[in-house]
Amino acid sequence: MSFRRDFITKPIFSWARGVLPTMSATEREALEAGDVWWDADLFTGNPDWSKLLAFAPAKLTEEEKAFLNGPVDELCAMLDEWKINWEWRDLPPEVWDFIKRNKFFGMIIPKEFGGLGFSPYAHSEVVRKVSSRSLTAAVTVMVPNSLGPGELLMRFGTREQQEKWLPRLASGHDIPCFGLTSPEAGSDAASMIDTGIICKGNFEGREVLGLKLNWHKRYITLGPVATLLGLAFKAYDPDHLVGQQEELGITVALIPTHLPGVSIGHRHLPAMQVFQNGPNWGRDVFIPLDYIIGGEARLGQGWKMLMTALAAGRGISLPSLSAAGAAYAARTSGAYARIREQFGISISKFEGIEEPLARIAATAYLLDAARRLTCAALNQGHHPAVISGIMKLHATERMRIAIDDAMDIHGGKAVIDGPQNYLGQLHRSVPVGITVEGANILTRNLIVFGQGAIRAHPYLLQEMNALGEPDRDKGLTAFDAAFWKHVGHSFATLFRAWGRSWTGGLFAPAPDAGEATEFYRQLSRYSSAFALCADMALLTLGGALKRKEMLSARFGDILSELYLLSAALKRWQDEGQQKEDLAALEWCMATGFKTIENRFAEIFANLPNRVVGWVLKVLIQPFGARVTGPSDRVVHQCAQLVLSPSAARDRLTPDLALVEDDRGVARLEKAFRLVADAEDAAKQLRAARLHDWKDAVAKGVITQSEGEKLAAAHEAIAKVIEVDDFAPEALSPIYKKSANVHQFFQELGEQRAAS
């Protein structure tokens with residue numbers, strides 16, 4: 001008998017059991033999917049920085065490097081995004097064949113099943129490079145290697161299923177897709193009405209026990225060309241053919257699309273992107289039970305399977321595409337700002353241009369840092385569900401900002417569509433990334449902190465499991481152990497957060513990281529404040545916190561910033577503390593700290609328990625939010641990273657698909673190099689108040705060679721700032737009967753006059 005347990009803990013235990021909200025099966029399965037990683041350290045309020053810095057950086061094998069420098073580069077050279085989107089409305093047959101033949105669909109499938117067996121980091125690098133050339137090709141490649149039949153078969157399939165299907169997927173003999181989204185329920189699997197009824201039926205000439213399926217799915221990428229559909233549905237056993245339970249829960253199965261009753265719909269056109277996407281239906285489609293992924297034993301386990309697999313897809317595919325988009329925006333915007341002149345000077349000299357340019361450059365640094373750190377975790381076998389949510393949410397949101405900034409810098413160059421516009425298609429595609437694999441609004445408001453508070457907190461999940469234990473005595477014992485550890489942790493966190501906040505993090509732990517040491521101290525300070533505030537919110541709101549979505553979103557923003565900024569510091573360390581990159585790191589830290597402090601201020605102002613809100617403000621932020629963001633000096637230095645050819649620019653924008661053709665980006669890169677090479681001659685010309693390089697040569701201001709460099713640069717600039725125009729009949733069939741648009745309107749006028 002324990003006095004503490006029976007006389008102190010027991011009343012608390014009884015009260016907590018009474019107020020603990022019920023957890024649905026889908027909520028519990030989502031919580032149990034995947035695992036925790038560095039997010040758990042951040043939740044302790046006292047992260048061990050030596051642990052972060054000891055994580056092995058993600059690296060490519062020689063075989064993976066050869067694939068990137070071989071088939072991936074070959075694929076990129078085959079791609080013409082303008083023709084793909086505006087002429088063909090699809091990848092051409094030779095590209096589909098190349099993708100299949102080189103096993104792009106089987107990157108994650110083990111070699112024993114005919115795949116490439118690549119690491120998550122290699123998968124990420126391939127998506128990143130291809131997406132910098134063609135979004136249609138990138139989506140086509142990434143979907144089979146993300147959430148879908150391949151990933152689910154590898155993790156949950158029976159050996160027989162793996163041996164049958166994985167080689168066909170790896171070779172491209174079968175094209176996969178996955179059907180989750182329903183018209184009525186979106187991606188909310190708990191509300192789907194797609195059903196599978198267990199019954200007996202005929203399959204390939206024999207009577208077997210199976211499922212009669214009825215479904216309607218939409219927004220299914222690769223759906224219009226898929227030969228193998230992974231399907232999520234709710235399984236029922238009304239005749240008790242496999243057990244006593246009638247409602248078995250969400251289940252996933254393999255559906256060959258040639259089966260009777262399967263209907264493949266026409267194509268969707270998502271934001272004018274032409275990757276294959278469309279609806280499909282099933283009407284009384286019968287499959288045997290062994291078509292359930294994992295077999296009969298996996299009946300009703302589909303939601304947990306999906307959530308586990310989704311951690312990898314959300315952590316790799318869209319963050320890779322987003323990181324590439326930000327790097328692409330940084331490289332092209334820096335080059336364009338350098339070569340484009342207004343009022344007689346390069347627009348890169350305007351502070352109004354420097355500000356968005358710095359934001360793009362720093363965003364590229366931050367997103368690629370976070371992508372690499374997340375891939376390192378995945379390479380080590382982790383499946384961090386909360387971090388994957390952070391990555392999908394913030395990578396796509398920050399890409400959106402970077403692309404908008406790039407559009408503003410380019411002005412009309414990026415607005416007028418045509419083969420020479422290298423930004424317009426990327427800009428149009430942004431809402432797709434924002435929407436898929438979980439809408440960002442819900443991810444921010446419900447998932448990042450809502451799931452993170454339970455999974456990553458040192459004790460909360462233990463307490464919840466103890467409260468839900470059917471054996472009351474056993475539950476009380478477990479709760480007693482976890483609860484008092486939680487109490488001790490909370491007091492330690494309170495004094496830690498108070499001390500670090502009032503001293504400005506002066507004595508907070510930090511590794512010896514040179515000029516970045518102070519940043520670690522501030523993150524230690526904010527981590528302890530976050531842990532204290534999260535505990536107080538959970539204590540005062542309990543289960544009601546999940547309904548306070550705006551509060552949850554603010555906590556999620558802080559947790560996200562802590563992770564992203566940790567990744568930036570990790571990158572700085574892994575790359576050898578490059579002095580030239582310090583401005584990008586400083587911009588990231590100043591912007592992140594400003595967000596963190598503002599979110600704390602908003603939390604204190606909006607906590608329902610006003611006494612707790614006031615106490616926390618006194619402890620954590622007695623003088624309010626005081627970080628104002630990056631200084632003008634940092635903004636200027638950060639913008640310079642992409643305005644000149646340099647190792648720093650190449651580190652910031654590595655491994656993009658820079659195909660040498662006479663088209664948009666290739667023209668831009670050529671002009672950028674020529675302008676940089678002719679910079680000294682251009683300065684001499686301006687100093688002499690001359691405009692014609694030939695006059696400058698004749699007067700001895702510059703040499704003939706320097707003059708020719710200027711001429712080449714001016715010619716290259718003119719080609720870059722060109723925009724496309726089209727004959728009216730090339731854009732509209734209305735004009736095709738007339739020789740030109742003027743004749744068309746003249747004939748129209750004559751017809752009106754005659755009538």
Side-chain angles (χ1 to χ4, degrees), residues 68 72-73 76 79 81 125 127-135 138 320-340 346-348 353-369 371-372 395 398-411 413-414 420-427 429-430 571 575 578 580-581 583-584 587 637-661 663-677 716-717 719-721:
L68 277 160
V72 175
D73 282 347
C76 290
L79 301 170
E81 189 75 335
E125 287 287 290
V127 170
R128 186 178 185 280
K129 179 172 276 192
V130 175
S131 65
S132 68
R133 180 67 175 176
S134 166
L135 288 164
S320 302
L321 191 152
S322 300
Y328 182 88
R331 194 170 185 95
T332 56
S333 299
Y336 190 78
R338 175 70 183 273
I339 70 167
R340 188 73 168 103
S346 166
I347 65 172
S348 64
I353 297 295
E354 282 189 337
E355 189 172 10
L357 200 56
R359 185 161 50 239
I360 298 170
T363 298
Y365 186 88
L366 183 71
L367 291 188
D368 216 47
R371 178 187 71 92
R372 295 182 200 179
R398 293 172 196 232
M399 174 187 66
R400 169 157 57 185
I401 295 169
I403 301 305
D404 282 348
D405 281 336
M407 292 290 291
D408 288 347
I409 290 170
H410 280 77
K413 171 66 180 175
Q420 299 304 329
N421 187 335
Y422 45 79
L423 273 176
Q425 196 64 27
L426 180 57
H427 183 251
S429 74
V430 168
R571 176 178 181 175
E575 290 185 337
Q578 297 291 334
E580 297 84 358
D581 301 348
W587 193 100
Q637 291 177 350
C638 193
Q640 299 307 305
L641 290 173
V642 291
L643 289 173
S644 299
S646 66
R649 179 176 184 252
D650 291 338
R651 276 193 304 274
L652 195 69
T653 61
D655 301 321
L656 300 178
L658 302 175
V659 177
E660 290 295 331
D661 56 12
R663 295 287 287 275
V665 176
R667 285 186 178 185
L668 177 64
E669 286 285 310
K670 178 182 177 181
F672 179 67
R673 291 191 297 268
L674 289 172
V675 167
D677 197 34
I717 291 170
K719 292 186 74 174
V720 168
I721 64 176

Do R359 and W587 come within less than 4.5 Å of each other through their side chains, counting heavy atoms only?
-> yes
Which atoms form the tightest heavy-atom contact between I409 and I347, and what is the distance?
-> O-CD1, 4.1 Å
Side chains of R338 and S644: do they bring a donor and an acceptor to under 3.5 Å?
-> yes
By side-chain hydrogen bond (donor to acceptor under 3.5 Å, both in side chains), which residues pair with R340, not counting sequence neighbours?
-> Y336
Kindly check if the number of other-residue, nucleotide or ligand heavy atoms within 6.0 Å of CD (E355) is above 12?
-> no
Heavy-atom side-chain proximity of L658 to K129 below 4.5 angstrom = no
Are V642 and L652 side-chain neighbours, meaning at least one heavy-atom pair lies under 4.5 Å?
-> yes
Minimum heavy-atom separation for R398 to L366, with atom names?
-> NH1-CD2, 3.3 Å
Separation between OG of S346 and CD1 of I353, rounded to the nearest 0.5 Å | 9.0 Å
For I403 and H427, the nearest pair of non-hydrogen atoms, with its separation, is CG2-CA, 3.7 Å
Can you check whether A406's main-chain N or O pairs, donor with acceptor, with H410's side chain at less than 3.5 Å?
-> yes
Considering only NZ, NE, NH1 and NH2 on the basic side and carboxylate oxygens on the acidic side, decide whether K670 and E660 come within less than 4.0 Å.
-> no
Not counting sequence neighbours, which residues clear side-chain hydrogen bond (donor to acceptor under 3.5 Å, both in side chains) with R673? List them please.
-> none
Find the distance between CG (L135) and CD (E81) and round it off to the nearest 0.5 Å.
-> 5.5 Å
Would a distance-only check, ignoring hydrogens and angles, find a side-chain to backbone donor-acceptor pair under 3.5 Å from Y328 to S131?
-> no
Test item: L674 and I339 side chains (from C-beta on) under 4.5 Å apart, heavy atoms = no
Do any N or O atoms from the side chain of R133 and from the backbone of L79 form a donor-acceptor pair under 3.5 angstrom?
-> yes
Do the side chains of E580 and R651 get nearer than 4.5 Å, heavy atoms only?
-> yes
Worked verdict on R128 versus D368 for salt bridge (charged side-chain N to carboxylate O under 4.0 Å, His left out) | CA-CA 10 Å; R128 186 178 185 280; D368 216 47; 3.2 Å; yes
Do M399 and V430 touch side chain to side chain, with heavy atoms closer than 4.5 Å?
-> yes
What distance do T332 atom OG1 and I360 atom CD1 have between them, rounded to the nearest 0.5 Å?
-> 7.5 Å
Shortest non-hydrogen contact from C76 toward V130 = SG-CA, 4.1 Å
Indicate yes or no for a side-chain donor-acceptor contact from S132 to the backbone of A657 under 3.5 Å, with no hydrogens or angles considered.
-> yes
Where do R371 and S320 come nearest, in terms of heavy atoms and distance?
-> CD-CA, 3.8 Å
Taking side chain as C-beta onward, heavy atoms only, is T363 less than 4.5 Å from D405?
-> no
State, to 0.1 Å, how close A138 and V127 come at their nearest heavy-atom pair, and which atoms those are.
-> CB-O, 4.3 Å
Audit row: D650, R331, side-chain contact (heavy atoms from CB on, under 4.5 Å) steps and yes/no = CA-CA 9 Å; D650 291 338; R331 194 170 185 95; 3.4 Å; yes
